[in-house]
Amino acid sequence: MVIYDDIYQWKGPEGGCKECAAGDTRHTPWLITCRLRIIDLAPGTTSVMPLKRHVVLAEDISDGPRRRICAESLGRHIFCEFNLSIKRTLWIECDPFLKEAFHAAHFTPAYHDGEETIYTITWRPLLHAEKNTLKTHLTTFSETT
């Protein structure tokens, strides 16, 4: 079941950057935009719950050069806003140069800064079973670009 399918934007930290002086209009928060679809795999399952309950499909559509950036820049905001477990979510991004190619993010805890855990991200091609399970979603997601 699709629980979100729209454009997601983040304008940077609340109140702008830490280095900006109050009222200084020369420094404005940055805008990061991605096309985002969140799928809940649990509805309709009978007796076996999937290991990854949610799937995030994302593609950077910010102005400027295309890159795989949604997980790095928006990941923690999306996990928090949609109440997703990082361990139970499969994060997939569309390759910016090959619209039919998708890669999965692997989040590894790097350190804890006192308030939250900071993760490093590595990428891998989708597994055959992942492609088969998500075939319809991957096809419709790559077609709407």
Side-chain angles (χ1 to χ4, degrees), residues 1-20 26-145:
M1 171 176 74
V2 175
I3 57 176
Y4 185 87
D5 192 8
D6 206 351
I7 304 301
Y8 186 91
Q9 291 187 322
W10 186 61
K11 295 180 182 178
E14 289 289 324
C17 61
K18 296 176 187 174
E19 293 78 23
C20 301
R26 293 175 299 157
H27 301 285
T28 57
W30 54 92
L31 179 65
I32 301 169
T33 306
C34 73
R35 197 159 55 91
L36 183 69
R37 181 179 298 167
I38 302 173
I39 305 155
D40 187 346
L41 297 175
T45 57
T46 53
S47 60
V48 179
M49 178 65 87
L51 292 174
K52 300 286 189 175
R53 176 176 176 157
H54 294 101
V55 177
V56 171
L57 292 173
E59 178 186 17
D60 174 38
I61 57 171
S62 301
D63 289 337
R66 295 287 182 252
R67 58 215 179 272
R68 235 181 279 143
I69 192 171
C70 299
E72 289 94 339
S73 56
L74 298 175
R76 70 178 166 167
H77 303 286
I78 292 169
F79 282 118
C80 185
E81 183 173 333
F82 292 96
N83 197 26
L84 303 173
S85 164
I86 198 165
K87 292 179 181 178
R88 303 259 345 255
T89 301
L90 174 62
W91 188 292
I92 300 171
E93 291 202 23
C94 185
D95 188 297
F97 303 105
L98 300 169
K99 294 299 180 189
E100 64 281 351
F102 292 90
H103 293 87
H106 177 71
F107 295 85
T108 305
Y111 63 92
H112 191 74
D113 73 354
E115 291 185 20
E116 65 181 318
T117 302
I118 306 302
Y119 292 86
T120 58
I121 301 170
T122 54
W123 296 93
R124 64 167 174 79
L126 290 185
L127 302 175
H128 184 67
E130 293 166 340
K131 288 179 187 176
N132 283 343
T133 301
L134 300 167
K135 186 179 349 183
T136 303
H137 291 289
L138 295 173
T139 302
T140 59
F141 194 78
S142 65
E143 288 174 353
T144 57
T145 306

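When reading the values below, keep in mind they use all heavy atoms of this one structure, side chains included, and skip hydrogens, waters and symmetry mates.
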Side chains of Thr140 and Arg37 in contact at under 4.5 Å (non-hydrogen atoms):
yes

I would like to know whether Tyr8 and Glu81 meet side-chain contact (heavy atoms from CB on, under 4.5 Å); could you show each step before the answer?
CA-CA 11 Å; Tyr8 186 91; Glu81 183 173 333; 2.8 Å; yes

Only counting residues at least two apart or in another chain, list the ones meeting side-chain hydrogen bond (donor to acceptor under 3.5 Å, both in side chains) with Thr108.
His106

Any donor and acceptor pair, going by atom type alone, linking the side chain of Arg53 with main-chain N or O of Ser85 inside 3.5 Å?
no

Are the side chains of Leu138 and Leu126 in touch, meaning some heavy atoms are under 4.5 Å apart?
yes

Going from OG1 on Thr89 to CG on Asp40, what distance comes out if it is rounded to the nearest 0.5 angstrom?
9.5 Å

So which atom in Ala71 and which in Glu93 form the shortest heavy-atom distance, rounded to 0.1 Å?
N-OE2, 2.6 Å

Run the ring-centre check on Phe79 versus Phe107 and record whether the distance is less than 6.0 Å.
yes

With a 4.5 Å cut-off on side-chain heavy atoms, are Cys34 and Leu74 touching?
yes

Note, Leu134 side chain near Leu57 side chain (heavy atom, < 4.5 Å):
no

For Asn132, enumerate each residue passing the side-chain hydrogen bond (donor to acceptor under 3.5 Å, both in side chains) test, keeping only those at least two apart in sequence or located in another chain.
His128

CD1 of Ile92 to CD1 of Ile39: how many Å apart, nearest 0.5 Å?
7.5 Å

side-chain contact (heavy atoms from CB on, under 4.5 Å) between Ile3 and His54, worked out:
CA-CA 10 Å; Ile3 57 176; His54 294 101; 4.1 Å; yes

Closest contact, heavy atoms only, Gly75 versus Trp91:
CA-CH2, 3.7 Å

Thr120: what forms a side-chain hydrogen bond (donor to acceptor under 3.5 Å, both in side chains) with it, not counting sequence neighbours?
none

So, Lys87 side chain and Lys52 main chain: donor-acceptor pair closer than 3.5 Å or not?
no

Glu59 side, atom CD; Ile7 side, atom CD1 - distance, nearest 0.5 Å:
9.0 Å

Locate the shortest heavy-atom distance separating Leu41 from Val55; write the atom from each residue and the value.
CD1-CG2, 3.7 Å

For Arg35 and Phe141, which heavy atoms make the closest approach, and how far apart are they?
NH2-O, 2.8 Å

Looking at OG1 of Thr117 and OH of Tyr111, how far apart are the two atoms once the value is rounded to the nearest 0.5 Å?
10.5 Å

